[in-house]
Amino acid sequence: LTTEYSSSPLAWRVAAQLHLLAERKDDAFRLAQRALSRLPNDPAIGKLATEMAMAAGRVDDAASCALAWRKMASAEPFEVDVARATIELVQRDPGHGFELLRPIAREIITRSTDGAALRTLVACAVLSGRFDEIRADLALVPKSRRGEIVSAWLEAAQVLPIDRAMVAVD
């Protein structure tokens, strides 16, 4: 598939996804890396490489892929920065994740369809002790989505040491 259609991002995505479905995560990541070397300016391939690295549990590689993705001229910074913040959460650096998301926090909060971005923002804020910095903006979230915020907040607070969790609950 990728030999015949090597210039098609869709062919690379399908091939990587098939490997992922077959539980061949490292092979899926290797395919995505090859795609990135063949189509180095395609943001869809940058995203694919980042996703496959995360799926394979290769967090450092995911961080490198996300940086390459971010440098691509037509990449959407919103999506890339949310992915990078997610990687920071996995690497246990929620403060850095929050710094990445802080400039787009209001957009995340008001973007009605991106629940993953909202959960990542809330988790980074809670785990870095900076929830107060987004509290006022959270009032902008429609009532229908407030449960999502509470859920993300509670999930994040559960992993805090008890003294910090008590502060977060207050």
Side-chain angles (χ1 to χ4, degrees), residues 1-128 130 133-134 137-138 140-141 145 148-149 152 156:
L1 181 65
T2 57
T3 303
E4 189 165 335
Y5 301 101
S6 64
S7 64
S8 168
L10 180 59
W12 289 102
R13 176 163 288 286
V14 168
Q17 290 291 342
L18 288 172
H19 280 80
L20 199 58
L21 287 171
E23 295 293 322
R24 294 174 53 193
K25 296 174 183 176
D26 284 329
D27 290 338
F29 174 61
R30 279 192 285 280
L31 267 172
Q33 280 183 306
R34 271 194 15 234
L36 193 56
S37 69
R38 295 221 172 122
L39 302 169
N41 296 317
D42 191 316
I45 297 299
K47 179 180 180 180
L48 176 68
T50 303
E51 291 171 346
M52 294 302 118
M54 287 297 289
R58 301 172 86 150
V59 181
D60 290 337
D61 289 325
S64 296
C65 291
L67 285 175
W69 179 21
R70 183 71 164 86
K71 291 176 184 175
M72 294 175 187
S74 61
E76 183 180 331
F78 178 96
E79 190 175 19
V80 178
D81 289 343
V82 170
R84 289 176 62 206
T86 301
I87 292 165
E88 294 299 333
L89 274 174
V90 172
Q91 291 180 320
R92 291 188 166 78
D93 191 358
H96 189 239
F98 186 77
E99 287 301 318
L100 289 167
L101 297 180
R102 186 67 187 116
I104 58 172
R106 185 168 286 221
E107 182 182 356
I108 291 171
I109 289 166
T110 58
R111 195 179 243 198
S112 64
T113 60
D114 201 340
L118 183 61
R119 287 188 301 278
T120 300
L121 173 64
V122 170
C124 286
V126 169
L127 294 174
S128 65
R130 297 174 68 184
E133 293 180 40
I134 61 168
D137 288 340
L138 289 173
L140 302 171
V141 173
R145 295 193 64 213
E148 192 175 349
I149 293 168

Next on the checklist: Does Ile134 form a side-chain contact (heavy atoms from CB on, under 4.5 Å) with Arg106? I'd like the steps, not just the answer.
Outcome noted: CA-CA 8 Å; Ile134 61 168; Arg106 185 168 286 221; over 6 Å; no
Mind listing the closest non-hydrogen atom pair of [X] and [Y] along with its distance?
X      : Y      : result
Leu100 : Ala85  : CD1-N, 3.9 Å
Ala56  : Phe29  : CB-CB, 4.2 Å
Ala44  : Pro9   : CB-CB, 4.4 Å
Ala156 : Ala123 : CB-CA, 3.8 Å
Ala63  : Ile87  : N-CD1, 3.8 Å
Met72  : Asn41  : SD-C, 4.0 Å

How many angstroms lie between [atom1] in [X] and [atom2] in [Y], if you round to the nearest 0.5 Å?
X     : Y      : atom1 : atom2 : answer
Leu20 : Asp26  : CG    : CG    : 10.5 Å
Asp60 : Gln91  : CG    : CD    : 5.5 Å
Asp81 : Arg102 : CG    : CZ    : 14.0 Å
Lys47 : Arg13  : NZ    : CZ    : 6.0 Å
Arg38 : Ser7   : CZ    : OG    : 10.5 Å

Next on the checklist: Working note: Thr120 + Cys124, criterion side-chain contact (heavy atoms from CB on, under 4.5 Å); need CA distance, chi angles, decisive distance, verdict.
Outcome noted: CA-CA 6 Å; Thr120 300; Cys124 286; 4.2 Å; yes
Can you list, pair by pair, the side-chain donor-acceptor contacts under 3.5 Å of residues 30-37, counting residues two or more places apart and other chains?
unit_1: Arg30; atom_1: NH2; unit_2: Asp27; atom_2: OD1; d: 2.6
unit_1: Ser37; atom_1: OG; unit_2: Arg34; atom_2: O; d: 2.7

Next on the checklist: Applying the side chain to side chain contact (heavy atoms under 4.5 Å, CB included) criterion to Leu121, which one of Ile149, Ile104, Leu101 satisfies it?
Outcome noted: Leu101
Checklist entry - Does the Arg84 side chain pair with the main chain of Arg70, one donor and one acceptor, at a distance under 3.5 Å? => result no
Next on the checklist: Looking at Arg119 and Gly115, would you say the former's side chain and the latter's main chain have a donor-acceptor pair under 3.5 Å?
Outcome noted: yes
Next on the checklist: Please evaluate residues Val141 and Glu148 with respect to the criterion side-chain contact (heavy atoms from CB on, under 4.5 Å), reporting the C-alpha separation (whole Å), side-chain torsions for both, the decisive distance (0.1 Å), and the verdict.
Outcome noted: CA-CA 10 Å; Val141 173; Glu148 192 175 349; over 6 Å; no
Next on the checklist: Less than 4.5 Å apart, side chain to side chain, heavy atoms only: is that true for Val90 and Met54?
Outcome noted: yes
Next on the checklist: Would you say that Ile108 contacts Phe78 through its side chain, given a criterion of any heavy-atom pair below 4.5 Å between the two side chains?
Outcome noted: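 Yes. Closest side-chain heavy atoms under 4.5 Å.
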Item to check | side chain to side chain donor-acceptor pair (under 3.5 Å) against Arg58, all qualifying residues, sequence neighbours excluded | outcome: Asp61
